[in-house]
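Encoded as structure tokens, the structure appears first; notes follow it.
Quantities reported herein were computed from a predicted structural model and do not represent experimental measurements. Every chain is numbered from 1, with letters handed out A, B, ... down the list of sequences. FYI, side chains are in, hydrogens and waters are out, and symmetry mates aren't considered; it's all heavy atoms of this structure.
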Amino acid sequence: MDDKVLTADEVVGELSDGMTIGIGGWGSRRKPMALVRAILRSDLKDLTLVSYGGPDVGLLMAAGRVKRVVCGFVSLDSIPLEPHFRRGRQEGTIELTELDEGMLYWGLLAAAHRLPFLPIRAGLRSDVMRVNPELRTVRSPYPDDEEFVAMPALKLDAALIHLNRADARGNGQYLGPDPYFDDLFCLAAEKRYLSCERLVPTEELTGPPQSLLVNRMMVDAVVHTPNGAHFTSCVPDYGRDEDFQREYTQTPWPEFHAKYLAGSEADYQAAIA
Amino acid sequence: MAELVGLAEGIAALVHDGDTVSLEGFTHLIPVAAGHEIIRQRRRDLTLARMTPDIVYDQMIGAGCARRLIFAWGGNPGVGSLHRLRDAVENDWPAPLEIEEHSHAGMANRYTAGASGLPFAVLRGYTGTDLVRHTSSLATVTCPFTGEVLTAVPALNPDVAVIHAQRADRKGNVQLWGLAGVQKEAVLAAKRCLVTVEEIVEELDARPNAVVLPSWVITAVAVVPGGAKPSYAQGYYDRDNLYYRRWDAISRDRDTFTGWLADELGS
């Protein structure tokens, strides 16, 4: 398929209640925020989010769309604690699968490799085993007989990621310093949605081949969302909007929602301009 | 931190009789000159590991360096069998050679486990093949969630990894690009490593798809221009396909081979 371009609302139309959705990026960095805002405009609910969490998790929790969070952390980087995640945990409004970051990576890798689990040392002799009683261990079949956590595959119904550049076929490029785990989110998911700062012809995807993080086999739809990671960073196109992030953490949710999120993406971009 | 050495000095210091040695490179960047130096220094009883043993391992086996071979595919690419490997396995000439055969994915997983500090790796390979009967190092792990029985392969941590790369800087940081095999994994899994390079440069420029192995994972670097011939080094020289074809005739016959050893390597 040569043209996979959809609107953010069309993407959300392909999602359904109760889905397990992986969200790329890391903390408050290169998050597919325009897609998250489109979910906020929909009626989607009871979502399980798998994320190196940031304001993606916070916004969806504040809006009451989340049943469970699977994460190693939820943080805004420059503001260590995500306020809505913190409140949700304190009030017990969500279920939590709390993992070591390496375990989350291994779970996505297992799903990407179509394996049911992968062995990992992280998590052993920590409270991770106590708070996740469904976890199991395996033993090395060799004479060392070492015990490992069996990290189950984190299979995703859908993945949402945001990259700097993409073409209409779903080839995507990051230009910043870190790929995070966006390729694994796509490889672990049934449906893969890529939003991008700039939609370009394929021949303009120049640069180091390894910057081409995802290819068209790993992507089902592409969404053109300029400034779509706002207020998280999308280096080198823009950095994090620290003033806005501070306002987000300090403004009561109904007020914040009414001011920025009650309208369309265009309204949002106009409000922050 | 990596030390800059001569090739003979590096092999003498790092490769010892009885070691498990991986010369890695996948069609491209095969460390042939280093293999020849191992022959010249008459190393014995080596366990040779490699994903795709080709003519340099044929030469080392024919010269009597190896006691054992851990491998996936073995052959003279695009030409045919490795006749010295066959002669060793079939007729114990010049010495008996034990073989441990894996799949490519299995070997890659073994190096990756070794590089990761894990004792084993889990994959779906081997199932339904005769390798399960012939390769005693294979094991199984049962998934505690699904009950599925998966293949386990043990980590491979060579005593020495030897690779060839395009460039290093004076600090011993190594850069290689083009078609890469499991050189990075082999180096990270090995206790010691020697990297032969086409040249030393003052500064490693940023290159697309270039693997940079930092100095602190490398034991020694030796400058050996042409050190991958008759394989190729992207950006430096092409593959000498005629040499691979000629090797078939040289290697078929013990006398021709020993003549080649004497003429080419003085060995």
Side-chain angles (χ1 to χ4, degrees), chain A residues 70 97 99-100 102-103 105-124 129 132-155 165 173-177 179 183 205-213 215 236, chain B residues 70 100 102-106 108-110 112-127 132 135-157 175-180 184-185 204-213 234-235:
Chain A
V70 180
T97 301
L99 300 168
D100 173 272
M103 297 172 78
Y105 166 32
W106 236 224
L108 293 171
L109 189 66
H113 288 180
R114 306 294 185 263
L115 289 169
F117 81 100
L118 277 173
I120 188 169
R121 287 200 182 92
L124 281 176
M129 303 306 286
N132 297 289
E134 72 283 5
L135 284 175
R136 295 288 176 268
T137 60
V138 288
R139 285 194 173 275
S140 166
Y142 295 101
D144 60 270
D145 196 38
E146 186 176 343
E147 185 180 46
F148 293 86
V149 175
M151 181 60 212
L154 289 170
K155 290 190 220 169
R165 304 286 177 269
Q173 182 178 41
Y174 77 105
L175 299 173
D183 49 341
L205 291 174
T206 56
Q210 72 270 29
S211 70
L212 298 168
L213 188 63
N215 65 60
Chain B
I70 302 172
E100 178 182 334
H102 289 271
S103 69
H104 270 78
N109 269 280
R110 293 193 62 184
T112 303
S116 308
L118 294 170
F120 68 103
V122 173
L123 70 161
R124 277 222 178 81
Y126 298 90
T127 305
V132 176
T135 303
S136 60
S137 64
L138 297 175
T140 59
V141 176
T142 302
C143 174
F145 305 103
T146 64
E148 185 179 356
V149 178
L150 299 158
T151 302
V153 290
L156 182 54
N157 292 99
Q175 191 178 43
L176 66 91
W177 63 89
L179 185 67
K184 181 181 73 177
E185 289 80 359
L204 296 174
D205 52 339
R207 277 182 172 262
N209 199 19
V211 177
V212 176
L213 288 161
Q234 187 171 324

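The backbone N or O of A155(B) lies less than 3.5 Å from no partner atom in the side chain of Y142(A), so there is not a single donor-acceptor pair.
The part of V141(B) that comes within reach of chain A is its side chain, from C-beta onward, which places non-hydrogen atoms under 4.5 angstrom from that chain. Using a 4.5 Å cut-off between heavy atoms, S211(A) does not touch chain B at all.
For F117(A), there are no ring-ring contact (aromatic ring centres under 6.0 Å, His included) partners, not counting sequence neighbours. Here R124(B) pairs with E148(B) under the salt bridge (charged side-chain N to carboxylate O under 4.0 Å, His left out) rule; sequence neighbours left out.
The two residues L115(A) and L150(B) come nearest to each other via the heavy atoms CD2-CD2, 4.0 Å. Smallest separation of non-hydrogen atoms from T140(B) and P141(A): O-CB, 3.5 Å.
Most heavy-atom pairs under 4.5 Å with chain B: of the set A110(A), A153(A), P152(A), this distinction falls to P152(A). Of the listed residues E134(A), R114(A), H113(A), the one with more heavy-atom pairs under 4.5 angstrom with chain B than any other is R114(A). Put simply, of A121(B), A152(B), P119(B), G117(B), the one with the most heavy-atom pairs under 4.5 Å next to chain A is P119(B).
Taking 4.5 Å as the limit, some side-chain heavy atom of F120(B) sits within range of a side-chain heavy atom of S140(A).
The line from CG of L118(B) to CD of E146(A) is 8.0 Å long, rounded to the nearest 0.5 Å.
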